[in-house]
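The sequence lines fix the lettering, A, B, ..., with proteins before strands; numbering per chain opens at 1.
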Amino acid sequence: MMTDPLQARLELAVQRAFQELFDAEIPLKQVSFQATRPEFEGDVTINVFPFLKQSGKGPEPTATAIGEYLVQEEPVVARFNVIKGFLNLVIAESYWTGFVAEAAARDILQFPSNGRRVMVEYSSPNTNKPLHLGHLRNNFLGHSVSRILKAAGHEVVRVQVINDRGIHICKSMVAWRKLGKGETPQSSGLKGDKLVGKYYVEFDKAFKAEVDTLVAGGMVREAAEKEAPILLEAQEMLRQWEANDPEVRALWERMNGWVYDGFNATYTRMGVEFDKLYYESNTYVLGKQDVLDGLEKGIFFRKEDGSVWVDNTAEGLDEKVLLRRDGTSVYMTQDIGTAIQRFKEFPGLAQLTYVVGNEQDYHFKTLFIILRKLGFPWAQDLHHLSYGMVDLPSGKMKSREGTVVDADDLIEEVVGEARAMGEQLSKLDDFSEQEKAALFEMIGLAALKYYLLKVDPKKRMLFDPAASIDLQGHTGPFIQYTYARIRSLLRKAEGMGTWASDQRGAWDLLPEERTVIKLLHQLPTVLHEAAHKLDPSALANHTYELVKAYNSFYQAIPVLKEESSDRRAFRLALSAAVADATKKAMWCLGINVPERM
RNA sequence: GACCCCGUAGCUCAGUUGGAUAGAGCAUCUGCCUUCUAAGCAGAUGGUCACUGGUUCGAAUCCAGUCGGGGUCGCCA
């Protein structure tokens, strides 16, 4: 965990203070810092309550003694005050102005490369259905986490697993062959993934009709659901697929191709990217040998019927099957093999993060324990970014009840809302239609992405359609707006000269300036924490705090109209630093920012 | 039933290595465009931090229990 440089410096100074004043040792980590509450004077507050034993004095004398020591010995501490057990420190202006100069000159949200390569897996769609709201949270999270890790200095490999085989896609294939009349995306103009999804639904309809017919003919429903001819046909097709039947394989490739075209169109619009794709049709055979090796070493055990199991009861979990009695593998087997393959493929991989919903918590717990038992040292570097479900006001999304929110439709809706708002404000009269379209696309997607990313990933969240297209308040467009406003300011200021930290005159920072500077100063630490915790919401919320503070500053304090050229230049430098940091922070969330809006 | 997660303002969410009077946005109400973009700013209203007990100088935060919501417990993926 990283503490910011100012804090690290103060921690050491406080430690020295205890040493010299009270001849007492205090552990660095025990020094608790917090931002000073606005109603008191100060920037940083230290709570001395935990150290009364070491000092042998009451809270106030302890705090006062430390405060006096810091003012004397640590140049960044300008003065202090003590209220109850709280030592409020005022940090020297030169520290803050020096920081602004630095933030205006370089990207404070880009950490130097640390040489660690990490992998993030996200998306993992099935090829029988279009992408929906759940995929959006997954993709935005995965994409953002990848960028945050990159900004934190990692080299990131983004991967996607595509579930392209199995009974589900065979169902679509059967229905298309029977009912499709040769329909293609070209012939009907339907997006490829939507077309295949349509036949998946058609299959279900036909299946239900057949079951009803069989039941009407006197068959028990349970039996009918196993024997409906169209289901048998799909199962037969899966066998043919596994036997490499050329005709079935050709149809499979053709229909999956349509799906990929559709997915790619959606991914492009979402602005989500991958470095490498894994297809389940290639990886589903992996893991079997690894399980057999584990069996030989006595890590797993075989039951009388021949099936192979792992016993995780000692870890508080359960027994879990790894190979069926007929020797075929299950999902877990595949995941074991895939993980092993990835660490072979990318030697020295420092971390592998799976972005997968929390309904699979148990699966990943089990998977990680198994890999640890198999003795892979990297097993401790596996993470499950377990995110909560997205609920609708009406409850859970259910495909059977037709309440699934389609990704393409949703994007279309937020972009439409951005357009409606943009046209109404009519600030863009000199924009071409093309420029407008690009801007509304950017704003709409910002609204959607920010809405899904500002919530702690671990928590289930409510998707309120009305709130998600909101462009005011705690939203992506609000942040974009602040950025555009600063850019406009900076364009007007061109030629007014630059500012350097040695140029500061004898002035006091205004409270509005100080607030902005402090939030900006914390941002790199927040980014680092977000990388550590795999949590974009921390960065999203802090970025909002920053631009909110900037807006208050902007509204209350003149910049271009400031008469003192030094102060004006300083405010421009601060504005530029906020703009740069905001742009980078939003980039880390996968959100673009406009020069005007 | 067992295990896991969650419960903070009317609604959606921050805040949890234990610290000062628990914060935002939306909604409602009041001001502010002759001044750098009003997608903004300033302010008001709104709280038994689910409940009970415990730990301690101090608990929304830690522990136990109760209630409520969700998830997982397949030789499915």
Side-chain angles (χ1 to χ4, degrees), chain A residues 1 29-30 32 34 36-37 39-40 45 47-50 52 59 83-86 88 124 126 163 165-168 280 284 303 305-309 316-318 320-332 334-335 357-363 365 386 388-389 391 393 395-396 418 421-422 424-425 427 443 447 451 454-456 458-464 466-468 470-482 484-493 537-538 540-542 544-545 547-548 551-562 571-572 575 596-597:
Chain A
M1 248 347 218
K29 282 175 210 141
Q30 250 184 51
S32 91
Q34 50 190 304
T36 305
R37 297 183 69 98
E39 57 268 38
F40 305 108
T45 295
N47 181 356
V48 299
F49 255 109
L52 299 185
I83 293 164
K84 296 199 219 167
F86 296 93
N88 300 322
S124 24
N126 288 346
N163 298 309
R165 52 143 244 126
I167 190 72
H168 58 83
E280 206 203 331
Y284 82 110
K303 288 197 176 176
D305 65 1
S307 55
V308 178
W309 295 69
L317 300 179
D318 222 328
K320 177 83 193 166
V321 70
L322 301 177
L323 289 176
R324 296 189 184 99
R325 72 174 90 93
D326 63 4
T328 56
S329 53
V330 293
Y331 189 59
M332 186 66 78
Q334 217 185 111
D335 267 3
N358 63 10
E359 70 273 13
Q360 293 196 37
D361 283 356
Y362 186 86
H363 173 80
K365 259 186 209 165
S386 161
M389 312 202 148
D391 280 328
K396 225 177 136 174
M421 175 71 106
Q424 188 196 328
L425 293 171
K427 297 180 187 176
I443 295 171
Y451 182 84
K454 72 175 170 180
V455 180
D456 183 343
K458 294 192 295 295
K459 296 191 179 173
R460 74 187 289 122
M461 65 174 290
L462 184 82
F463 182 84
D464 177 352
S468 73
D470 207 334
L471 310 175
Q472 290 168 351
H474 188 184
T475 65
F478 171 88
I479 299 171
Q480 290 178 316
Y481 173 72
T482 309
R485 209 147 69 152
I486 298 175
R487 293 300 303 157
S488 165
L489 196 64
L490 296 174
R491 278 192 299 273
K492 289 184 178 158
S537 74
N541 285 305
H542 192 86
Y544 169 71
E545 295 294 332
V547 301
K548 196 167 126 72
N551 276 329
S552 296
F553 157 81
Y554 178 92
Q555 208 88 18
I557 315 293
V559 178
L560 298 177
K561 289 175 184 155
E562 167 61 42
R571 285 175 196 159
L572 283 169
S575 299
R596 286 180 54 191
M597 71 183 271

Seminar exercise, completed: Checking B/rG19, B/rG40, B/rC36 against the side chain of A/Leu560 (C-beta onward), the nearest is B/rC36

Problem set entry | B/rG19 versus B/rA59 - spacing of their C1' atoms, nearest Å | 10 Å

For this session: Tell whether A/Thr482 reaches the base of B/rA39 with its side chain through a donor-acceptor pair below 3.5 angstrom.
Result: no

Seminar exercise, completed: Across every strand shown, the nucleotide meeting Watson-Crick or G-U wobble geometry with B/rC67 (both distances under 3.5 Å) is B/rG7

Exercise. Using atom C1' of each nucleotide, how far apart are B/rG40 and B/rA50 to the nearest Å?
Worked result: 38 Å

Exercise. Does B/rC41 have a Watson-Crick or wobble mate here (both distances under 3.5 Å), and if so which one?
Worked result: B/rG31

Exercise. Taking the side chain of A/Lys459 as heavy atoms from C-beta outward, which of B/rG7, B/rG19, B/rC41 is closest to it?
Worked result: B/rG7

Exercise. Phosphate oxygens OP1/OP2 of B/rU37: is one of them under 4.0 Å from a side-chain N or O of A/Arg487?
Worked result: no

For this session: Looking only at side-chain atoms of A/Thr36, point me to the closest of B/rG40, B/rA20, B/rC36.
Result: B/rA20

Problem set entry | Under 4.0 angstrom between A/Arg491 side-chain N/O and B/rC36 OP1 or OP2 | no

Exercise. The side chain of A/Gln555 lies closest to which of these nucleotides: B/rA77, B/rG40, B/rC13?
Worked result: B/rG40

Problem set entry | Closest to side chain of A/Met597, choosing from B/rU21, B/rA14, B/rA39 | B/rA39

Problem set entry | Watson-Crick or G-U wobble mate for B/rC36, both contacts under 3.5 Å | none

Problem set entry | Nearest-Å distance once atom P is located in both B/rC73 and B/rG10 | 37 Å

Seminar exercise, completed: Taking a pair to mean Watson-Crick or G-U wobble geometry with both distances below 3.5 Å, B/rU12 pairs with B/rA24

For this session: Check the geometry between A/Phe86 and B/rG19 and answer yes if their rings are stacked (centres below 5.5 Å, planes below 30°), otherwise no.
Result: no

For this session: Using only side-chain N and O atoms of A/Arg460, determine if any of them is under 4.0 Å from OP1 or OP2 of B/rG69.
Result: no

For this session: State whether A/Tyr362 places a side-chain N or O below 4.0 Å from either non-bridging phosphate oxygen (OP1 or OP2) of B/rU72.
Result: no

For this session: Using the C1' atoms only, state how far B/rC33 lies from B/rC41, rounded to an integer number of Å.
Result: 11 Å

Exercise. Given the C1' atoms of B/rU61 and B/rU17, what is the spacing between them in whole Å?
Worked result: 11 Å

Exercise. When the P atoms of B/rC62 and B/rC5 are considered, how many whole Å apart are they?
Worked result: 12 Å

For this session: Scan every strand shown for a Watson-Crick or G-U wobble partner of B/rG19, both distances under 3.5 Å, and answer none if you come up empty.
Result: B/rC57

Problem set entry | Pairwise C1' distance for B/rA24 and B/rG43, with rounding to whole Å | 15 Å

Exercise. Say you pick atom P in B/rA22 and the same atom in B/rA9; how far apart are they, in whole Å?
Worked result: 14 Å

Exercise. What nucleotide among B/rG19, B/rG40, B/rA77 has an atom nearest to a side-chain atom of A/Val330?
Worked result: B/rA77

Seminar exercise, completed: The nucleotide from B/rG40, B/rC13, B/rA39 with an atom nearest the side chain of A/Phe478 is B/rG40

Problem set entry | Non-hydrogen side-chain atoms of A/Ser575 and A/Phe553 separated by less than 4.5 Å | yes

Problem set entry | Contact pattern, 5' to 3', of nucleotides 24-31 of chain B - B, S or - by protein heavy atom under 4.0 Å | SSS-----

For this session: May I have the distance from A/Arg165 (atom CZ) to B/rA77 (atom C1'), rounded to whole angstrom?
Result: 9 Å

Seminar exercise, completed: B/rC49 -> Watson-Crick or G-U wobble partner, both distances under 3.5 Å, gives none

Seminar exercise, completed: Re B/rG1: Watson-Crick or G-U wobble partner, both distances kept under 3.5 Å, found to be B/rC73

Problem set entry | Side-chain donor/acceptor contact of A/Asn88 with base of B/rA20 under 3.5 Å | yes

Seminar exercise, completed: Quick note, A/Val559 side chain, CB onward, closest among B/rU12, B/rA77, B/rC36 is B/rC36

Problem set entry | Side-chain H-bond candidate by donor/acceptor type, A/Asn358 with A/Arg460, under 3.5 Å | no

Problem set entry | Short side-chain N/O contact to B/rU37 OP1/OP2 from A/Ser488, under 4.0 Å | yes

